[in-house]
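Start at 1 with the first residue, then count along the sequence.
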Amino acid sequence: MPDVYADGVIAGAIETGLRETAFIYDPAWLKSPARFPLSLSMPLSAREWGPDVILPWLMNLLPEGAPLRALTRALGASAEDVLALISASGGDLAGALSIRPPAGLARNEPIRDEAALERILNELPAKPFLVGEEGVAMSLAGAQDKLPVAFENGAFYIPVNGAASTHILKPDTASLPGSVQNEALCMQLARRCGLNVADVTTGIAGDRSYLLVTRYDRILNEGAVRRIHQEDFCQALGRPPGAKYEHNATGVPGPSLADMFALIGEHMTARDTNRFLDAVIFNVAIGNVDSHAKNYSILLTHGRVELAPLYDLMSGLAWANITETHAQSVGGQRRGRYILMRHWQRLAAAAGLSAPAVLRRVVSVCDRIADELPRAREDVLAMPAGEGVLLETVSREIAARVKTVRFNARTGEPGDPADHPEDGDTPGD
């Protein structure tokens, strides 16, 4: 019966029986002045949360795709054995939780030099999260190779025995050349446009470049790292990770934007609704087709629920092999260049928002992006990894898409009549 720790304090336990898995909050946690729910899908209560709730929530803590396959091979566990994978890798997870008791003194093991860091990055595809290293147990969701690290005074450390990481290191990838600078550009652009985003910079280790992301779910307090709890929208809405896209082949419907707005309206403030709307518009305007339900998160603290800073912002416009179909539709349209005035109006109606106000917001966000794009590009050029490849191409493509999105929202007509929209939503219908 694995215990679930909230920043080192037992919050509950996962019970395993012959027929089902369940989660139960610890009675002391329910009375604690620092208590918070593990999930909006599991409110604080003495009741038992069964496998239909706890298993999808746990699955969302694990990586996906190639990193998950590598993790299962390294641990000798099946991808379906969620508890085994979590027990082996749950020492440092997203948010405040850990699902593994410390095996020794929590500490940070220094990465000796740049060559050692390069070697770790090169080994990540076969050794995700350094699985197998003594005392190292950590996991992050997503299909991209990444490594939680502690970063202090310009030096990198590997968290051992449940020590908390402070940053996420995301290396370059041959399948998406220029991804480091692309994400750095989009994150800086969002920040300059007034959106709440995680801090980023770039770096170099030998022949590898990487993006270094400051974890917003960690706070440095009097020299100690404190964990802040978070969950993504799939967890909050009780969906498995395979249902992160609105339209998918899992048989489980993915969250729509209206579902996500409804969740915000139920648990958060009008400020969070506006922040989420700005994020949706921004992602459409930069061509971030992978802005799915796991790439939006919620911060959960005692007595407070709020939208987390944005992360994983990347434009898909510069790569020929990337779909133009967005993860969630806007008023029934999933291709960014064909999201017209009526689609924003439909989204507003479904989300309970003012259609004129939404349209004004689309134009405002697009204007801010156009104004700030040159300065965001200069920010990236000044970072340690420099220009890389495709930075100019990404900047140019974003500038063009912003014009299209703004034009379509004001006129209701497609910006490029030479292209064809997706089936079922033809210009002029």
Side-chain angles (χ1 to χ4, degrees), residues 5-8 58 60-68 70-71 74-75 85-100 102-104 106-111 116-173 180 183 187 198-203 205 208 210-220 224-232 294-295 297 299 308-309 311-312:
Y5 296 83
D7 204 15
L58 290 171
N60 280 292
L61 296 174
L62 293 168
E64 303 169 65
L68 178 59
L71 187 66
L75 294 174
L85 294 171
I86 285 289
S87 295
S89 61
D92 188 35
L93 300 167
L97 303 183
S98 58
I99 310 176
R100 173 174 171 161
R107 69 183 193 278
N108 289 322
E109 193 71 30
I111 298 176
L117 179 58
E118 181 184 19
R119 188 161 54 250
I120 288 171
L121 298 183
N122 289 336
E123 292 175 353
L124 275 183
K127 202 174 183 180
F129 311 114
L130 299 181
V131 64
E133 293 287 326
E134 185 177 356
V136 177
M138 47 196 176
S139 177
L140 287 172
Q144 183 181 354
D145 288 326
K146 61 189 75 170
L147 182 68
V149 295
F151 183 69
E152 185 178 0
N153 297 324
F156 288 102
Y157 302 84
I158 300 298
V160 174
N161 292 332
S165 57
T166 62
H167 292 68
I168 298 169
L169 198 155
K170 303 174 71 171
D172 52 15
T173 171
V180 167
E183 187 168 349
M187 294 288 281
D199 289 330
V200 301
T201 189
T202 65
R208 303 296 302 271
Y210 58 81
L211 186 78
L212 186 64
V213 186
T214 302
R215 295 190 66 155
Y216 58 77
D217 56 348
R218 301 290 186 266
I219 294 177
L220 191 62
V225 179
R226 178 180 165 227
R227 292 173 164 96
I228 304 297
H229 191 45
Q230 69 142 43
E231 66 171 346
D232 63 47
K294 287 184 64 60
N295 278 344
S297 284
L299 293 177
Y311 54 93
D312 285 359

Exercise: identify the closest heavy-atom pair between [X] and [Y]:
X	Y	result
Ala70	Pro125	CB-O, 3.3 Å
Phe151	His167	CB-ND1, 3.5 Å
Gln230	Asp217	CG-OD2, 4.1 Å
Ser165	Arg215	OG-NH1, 2.7 Å

I'd like to check [X] versus [Y] (side-chain heavy atoms, cut-off strictly below 4.5 Å). Are they in contact?
X	Y	answer
Pro309	Leu299	yes
Arg208	Leu117	no
Asn108	Pro159	yes
Val225	Leu220	yes
Pro148	Leu140	yes
Met138	Leu147	yes
Leu58	Leu85	no
Pro67	Asp145	yes

- What's the verdict on side chain to side chain contact (heavy atoms under 4.5 Å, CB included) for Asp92 and Phe129, showing C-alpha distance, side-chain angles and the deciding distance? CA-CA 10 Å; Asp92 188 35; Phe129 311 114; over 6 Å; no
What's the separation between atom [atom1] in [X] and atom [atom2] in [Y], rounded to the nearest 0.5 Å?
X	Y	atom1	atom2	result
Leu211	Thr201	CG	OG1	8.0 Å
Leu93	Leu62	CG	CG	8.5 Å
Asp172	Glu183	CG	CD	12.5 Å
Leu124	Gln144	CG	CD	10.5 Å

Main-chain N/O of [Y] paired to [X] side chain as donor or acceptor, under 3.5 Å:
X	Y	result
Arg227	Ile219	no
Lys146	Ala141	yes
Ser139	Leu61	yes

- Electrostatic pair Lys294-Asp312, nearest N-O below 4.0 angstrom: no
- Task: Look at the aromatic rings of Phe156 and Tyr210 and report parallel, tilted or perpendicular, splitting at 30° and 60°.
- Result: perpendicular
